[in-house]
Number of protein chains: 2
Amino acid sequence: MKEMTSQLESKNVKPSIARIKVLEYLTQYPTHPTVDEIYHHLADEIPTLSKTTVYNSLKVFKEIDLVREINLGEHQNRYDVDVSEHGHFKCDHCGRIIDLSINLQNVDAKELEGCRIDHRHVYFRGFCPLCSASKQ
Amino acid sequence: MKEMTSQLESKNVKPSIARIKVLEYLTQYPTHPTVDEIYHHLADEIPTLSKTTVYNSLKVFKEIDLVREINLGEHQNRYDVDVSEHGHFKCDHCGRIIDLSINLQNVDAKELEGCRIDHRHVYFRGFCPLCSASKQ
DNA sequence: ATATTTGCAAATAATTTGCAGTCGA
DNA sequence: TCGACTGCAAATTATTTGCAAATAT
């Protein structure tokens with residue numbers, strides 16, 4: 001909580017309750033939640049919270065590079081407090097998302113010569129060990 | 001045109017005019033178009049075409065692995081007749097999409113042990129050589 | 001007091017669905 | 001003729017926006 005506050009203050013973003021709680025949620029549950037998941041979890045604690053505020057907070061966090069918006073080929077975005085370069089694997093059976101320690105710096109293609117690369121995204125989809133064992 | 005027909009027939013999909021034209025468009029203009037782009041280009045030629053039919057055709061093509069749905073962190077999907085494993089780079093200035101010859105088989109992470117991987121997606125975003133030269 | 005944040009409701013946009021009409025073997 | 005294909009309109013879903021009320025320093 002205190003850490004969230006100082007993280008926000010260090011980026012010159014006012015640590016409002018909503019922002020602290022959203023950031024805290026992302027930190028405590030780094031499961032790459034969707035806006036809906038964040039909203040519903042926090043709604044109990046903050047009954048006045050609106051989804052718009054969750055969107056607003058995440059927008060600010062993205063701008064100051066505190067969270068990363070990720071997109072696993074679904075219709076909705078997910079959010080990750082781990083802004084370091086890594087990939088994701090999504091299990092299409094149980095929905096679990098696994099972080100992949102992929103060094104994207106190595107993933108270079110000749111076609112990228114002269115390009116300024118701002119973001120690198122890697123995600124795989126399939127069945128996680130548990131789900132592929134259960135033969136689904 | 002004839003090739004499109006036989007491609008479809010070999011997969012037991014009826015080669016209707018709409019399907020042939022959509023597939024032909026994707027083949028002739030492998031620019032990773034969106035549904036909207038496909039629809040508007042073909043609407044001149046086939047005035048009765050509806051966007052639903054474009055969606056329907058693409059859905060069938062995906063199922064028979066004739067096209068690949070790609071998603072570059074935008075709000076809409078794109079479609080690629082090149083179903084071989086490769087990555088993409090999108091220029092955030094001019095919108096151009098460059099195919100990347102990345103061997104994703106190499107991109108392995110220890111966390112993937114035991115996973116059944118069905119799809120591998122890699123995309124980068126930034127500025128292409130032309131746009132980064134113009135210092136935008 | 002004043003600027004920022006919040007939250008409702010409406011707008012936007014991509015995609016999906018229901019269903020009736022049409023087309024082709 | 002019959003089943004598959006098409007296409008309109010409506011539904012669904014995620015996200016954004018306008019603006020007024022609430023809040024904080």
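All values reported here derive from a predicted model rather than from experimental measurement. Each chain gets a letter, A, B and so on, in the order the sequences are listed, and its residues count up from 1. No hydrogens, no waters, no symmetry mates; every other heavy atom, side chains included, goes into these values.
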- Message: Membership question, hydrophobic clusters at under 4.5 Å side-chain separation (ILVMFWY): are Tyr29(A) and Ile38(A) in the same one?
- Response: yes
- Side-chain heavy atoms under 4.5 angstrom apart, residues restricted to Ile, Leu, Val, Met, Phe, Trp, Tyr: same cluster for Leu130(A) and Ile97(A)? no
- Item | Partner set under side-chain contact (heavy atoms from CB on, under 4.5 Å) for Glu37(B), not counting sequence neighbours | Pro33(B), Thr34(B), Arg78(B)
- Query: Does a side-chain heavy-atom distance below 4.5 Å link His119(B) with Phe124(A)?
  - Reply: no
- Quick one: closest heavy-atom pair of Val22(A) and Phe61(A), and the distance? CG1-CE1, 3.8 Å
- Item | Residues which pass salt bridge (charged side-chain N to carboxylate O under 4.0 Å, His left out) with Asp65(A), listed by chain and number, not counting sequence neighbours | none
- Message: I'd like to check the side-chain hydrogen bond (donor to acceptor under 3.5 Å, both in side chains) partners of Lys51(B); sequence neighbours left out, ordered by chain and number.
- Response: Asp36(B)
- Query: Could you give the distance from SG (Cys128(A)) to NE2 (His93(A)), rounded to the nearest 0.5 Å?
  - Reply: 9.0 Å
- Could you pull out the closest heavy-atom pair between Arg68(B) and Arg120(B), with the gap in Å? NH2-O, 2.6 Å
So which protein N/O to nucleotides 19-24 of chain C N/O distances come out below 3.5 Å?
none

- Query: Axis-to-axis angle across the helix from dA1(C)-dT25(D) to dA25(C)-dT1(D), five pairs an end, to 10 degrees?
  - Reply: 20°
- Message: Using a 4.0 Å cut-off on heavy atoms, which residues in residues 49-57 of chain B reach DNA chain D? List them by number, or say none.
- Response: Leu49(B), Ser50(B), Thr52(B), Thr53(B), Asn56(B)
- Can you tell if the side chain of Ser101(A) reaches within under 4.5 Å of the side chain of Lys110(B), non-hydrogen atoms only? yes
- Task: Would you please name every residue forming a ring pair (Phe, Tyr, Trp, His ring centres under 6.0 Å) with His32(A), sequence neighbours left out?
- Result: His88(A)
- Hey, what do you get for CD1 (Ile20(B)) to CD (Glu3(B)), rounding to the nearest 0.5 Å? 12.0 Å
- Message: I'd like to know if Leu72(B) and Ile98(B) are part of one continuous hydrophobic network [Ile/Leu/Val/Met/Phe/Trp/Tyr, side-chain heavy atoms within less than 4.5 Å].
- Response: no
- Quick one: ring pair (Phe, Tyr, Trp, His ring centres under 6.0 Å) partners of Tyr123(B), sequence neighbours excluded? His121(A)
- Would you say Phe89(B) and Glu111(A) make side-chain contact, with heavy atoms under 4.5 Å? no
- Query: Is Asp92(A) salt-bridged to Lys90(A), going by a charged N under 4.0 Å from an acidic O?
  - Reply: no
- Looking at residues 36-43 of chain A, who's got a heavy atom less than 4.0 Å off DNA chain C? none
- Query: What are the bounds, 5' to 3', of the part of DNA chain D that sits under 4.0 Å from heavy atoms of chain B?
  - Reply: dA4(D) to dA9(D)
Identify every side-chain donor-acceptor pair in residues 42-50 of chain B under 3.5 Å, counting partners at least two apart or on other chains, and give the distances.
{"residue": "Glu45(B)", "atom": "OE2", "partner": "Lys21(B)", "partner atom": "NZ", "Å": "2.8"}
{"residue": "Ser50(B)", "atom": "OG", "partner": "Thr52(B)", "partner atom": "N", "Å": "3.3"}
{"residue": "Ser50(B)", "atom": "OG", "partner": "Thr53(B)", "partner atom": "N", "Å": "3.2"}
{"residue": "Ser50(B)", "atom": "OG", "partner": "Thr53(B)", "partner atom": "OG1", "Å": "3.3"}

- Message: Applying a 4.0 Å non-hydrogen cut-off, can you work out what Thr34(A) is touching in the nucleic acid: base, sugar-phosphate, or nothing?
- Response: nothing
- Check DNA chain D against residues 58-77 of chain A and give the residues with a non-hydrogen atom under 4.0 Å, in numerical order. His75(A), Gln76(A), Asn77(A)
